[in-house]
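Only this structure's heavy atoms are used, side chains among them; waters, hydrogens and symmetry mates stay out. The chains referred to below are lettered A, B, ... by the order of the sequence lines, with proteins before strands, and numbering in each begins at 1.
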2 protein chains.
Amino acid sequence: MPIIAPRSRRERPAKPSLSRDGIIETAVALMREEGLERVTMRRLAAALDTGPSSLYVYVRNTAELHAAVLDELLGSVGLKAGVTSEGWDNVVVRVLGSYTGILIEHPALARSALVTRPSGPNYLALVERLLSLLREGGVADPQSAWGVDLLLLFATSIALEHGTRGLTLDDGEDEEALAEALRQADATGYPTIAALGDDLLSGTPEARFEWHVRVLLAGIALTARPAREAGNAGPGLP
Amino acid sequence: MPIIAPRSRRERPAKPSLSRDGIIETAVALMREEGLERVTMRRLAAALDTGPSSLYVYVRNTAELHAAVLDELLGSVGLKAGVTSEGWDNVVVRVLGSYTGILIEHPALARSALVTRPSGPNYLALVERLLSLLREGGVADPQSAWGVDLLLLFATSIALEHGTRGLTLDDGEDEEALAEALRQADATGYPTIAALGDDLLSGTPEARFEWHVRVLLAGIALTARPAREAGNAGPGLP
DNA sequence: ACCTGAACACCGTTCAAGT
DNA sequence: ACCTGAACACCGTTCAAGT
């Protein structure tokens, strides 16, 4: 029996010792190969040639792991998209579109972004870019401060909404069910739905996205913040 | 050995035979008792005194089950909230607030509403109510048609966002991480964030919610739909 | 037709024990 | 300190077999 270590038939060089960065790097690679839904603690551990429990030394739980992966991905949001040639509002549409596009490919990350507030450097860079664009557009600071949240909430939700559709088995079946239900809605029970008819579902997703963003920008620019009331200071959940 | 059937010591009367309605009814009851996250196929089957596979005769999968539960819950959205005394926009704020409030208690349903388009009768009634309020407010029909989606997307997202927070183990820890990150953001790297400072996180959730809805209403009322282009007809995903 | 037991192929997280 | 094997307590879905 040779004394050579019994596990040297892997191609991986020497089995690198674990580290938080290494774990996240591997998670990102695994995600690009197989999608985030396959980046489970168990699978990630297998990719790192160890057991799942080992990961818990470096990562608190799955949510934290996903948050780290998210910020990594956000590095590729196109923040520079056409700075001056077009109007500031068109740039906002593009920047948010880039953000949404990335998340659409990874709906589980969109969910993560919605559920645990991201705070990584790349997310902050996105917030900074949007705030500076709003300023450029002459939006008052208090409205920008509360509005940027709304813009990002919208973009994230759209990604979660569209990203998950079609990923499910029954491709767009619920879409059709809604279309059918809207058409069936007769004038007695649902008069306004009946009156608007097909226009409720008209337009390409891109056209709707763009119009939605313009709605948000117009509303943010024009809606004054409420007068300060007592206890209007901290975050605090309901 | 007596021939008496060996399972008559349950209190449940005679074991009712399964039906889709009965299954959903039990699912709703189970959800009210233990929360939706515990309404799994296996647990629901156990509550119905059968095996999980039996449910698949009546319900295609978990997503369909959740959709049915969602519409059931939506029956209690307060659609009548203060019809005329206050302005139509305040009524929109209340109706959406009622919808969001219900979903906040069941974040998994909010996720379901975001991911598979609801089309049940109670959801349609909510759409109808919002459309009629927008009309009452003098909003042009094409803008209402595309705007109602945005209102519901927003309300659903807020519910998912707030509902899941605090449900996680580390209560509001990410919130704090974001606050810290924003404060740390120095003027060189993130000048606009630094300039706006604490106002980025100011306000109660209720105040922000109300302002957000007003932003949406103002934007919807004032933003014209894009000129019709080629291929602007059907839904169709990106 | 309706129902079921049992299996398949997984999960996240913990914890006592090892090095 | 870092790492691990093994276990705990679960999942959704399928399918051959029964009634």
Colleague: Map A/Y56 and B/L55 onto DNA chain C by nearest heavy atom, then report which one ends up closer to the 5' terminus.
Modeller: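 Comparing both residues, the 5'-ward one is B/L55.
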
Colleague: Can you check the A/I23 CD1 to D/dC2 P distance for me, whole Å?
Modeller: 12 Å

Colleague: Among A/I193, A/L196, A/L178, exactly one meets side-chain contact (heavy atoms from CB on, under 4.5 Å) together with B/V127. Which residue is that?
Modeller: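 Checked A/I193, A/L196, A/L178 against B/V127; only one passes side-chain contact (heavy atoms from CB on, under 4.5 Å): A/I193.
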
Colleague: Between C1' on D/dA1 and OH on A/Y58, what's the gap in Å once rounded to a whole number?
Modeller: 9 Å

Colleague: Any side-chain heavy-atom pair from B/L216 and B/V92 closer than 4.5 angstrom?
Modeller: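 They are not in contact (no side-chain heavy atoms under 4.5 Å apart), so the answer is no.
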
Colleague: Just wondering, more than 12 heavy atoms not from A/E34 lying within 6.0 Å of its CD?
Modeller: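 Yes, because the 6.0 Å sphere around CD of A/E34 holds more than 12 heavy atoms from other groups.
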
Colleague: Determine whether a donor-acceptor pair (N or O, by modelled atom type, separation under 3.5 Å) exists between the side chain of B/T26 and the backbone of B/G22.
Modeller: yes

Colleague: Could you note down all residue pairs passing salt bridge (Lys or Arg N to Asp or Glu O under 4.0 Å) where residues 64-77 of chain A supplies at least one of them, sequence neighbours left out?
Modeller: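 Only A/R20-A/E64, A/R60-A/E64 qualify under salt bridge (Lys or Arg N to Asp or Glu O under 4.0 Å).
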
Colleague: Would you please confirm or rule out a distance under 4.0 Å between OP1 or OP2 of C/dT4 and any side-chain N or O of B/S54?
Modeller: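 Yes, because at least one side-chain N or O of B/S54 sits under 4.0 Å from OP1 or OP2 of C/dT4.
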
Colleague: Whole-Å distance between D/dT14 P and B/R60 CZ?
Modeller: 11 Å

Colleague: Shorter than 3.5 Å, N or O on both sides, protein versus nucleotides 8-10 of chain D: list them out with atom names.
Modeller:
none

Colleague: Which whole number of Å gives the distance between the P atom of C/dA9 and that of D/dC10?
Modeller: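 Per the computed distance, 23 Å lies between those P atoms.
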
Colleague: For A/Y190 and A/Q184, indicate whether the former's side chain and the latter's backbone hold a donor-acceptor pair under 3.5 Å.
Modeller: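 No, because the side chain of A/Y190 does not come within donor-acceptor range (under 3.5 Å) of the backbone of A/Q184.
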
Colleague: CE of A/M41 versus C1' of C/dT14: gap in Å, rounded?
Modeller: 12 Å

Colleague: Would you mind reading off the distance between A/H66 atom NE2 and C/dC11 atom C1', rounded to a whole angstrom?
Modeller: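 From A/H66 NE2 to C/dC11 C1': 12 Å.
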
Colleague: DNA chain D: B/V39 or A/V57, which has the more 5' nearest nucleotide?
Modeller: A/V57

Colleague: Where do A/H66 and A/L109 come nearest, in terms of heavy atoms and distance?
Modeller: O-CD2, 3.6 Å

Colleague: In whole Å, what is the span from the CG atom of A/D49 to the C1' atom of D/dC3?
Modeller: 13 Å

Colleague: Measure from the side-chain N and O atoms of A/S157 to the backbone N and O of A/L153, and report whether any donor-acceptor pair falls under 3.5 Å.
Modeller: yes

Colleague: In this structure, how many angstroms lie between the C1' atom of D/dC3 and the CG atom of A/L44, rounded?
Modeller: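 Taking atom C1' of D/dC3 as the reference, CG of A/L44 is at 15 Å.
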
Colleague: Taking only Watson-Crick and G-U wobble pairs with both distances under 3.5 Å, what dot-bracket line describes DNA chain D, where [ ] shows pairs that cross earlier ones and | shows pairs with another strand?
Modeller: ||.|||||...|||||.||

Colleague: Indicate, with yes or no, if the rings of B/F209 and B/F154 have centres closer together than 6.0 Å.
Modeller: yes

Colleague: At 4.0 Å (heavy atoms only), tell me whether B/S53 reaches a base, stays on the sugar-phosphate, or touches nothing.
Modeller: base

Colleague: To the nearest angstrom, how far is A/E64 atom CD from C/dT13 atom P?
Modeller: 11 Å

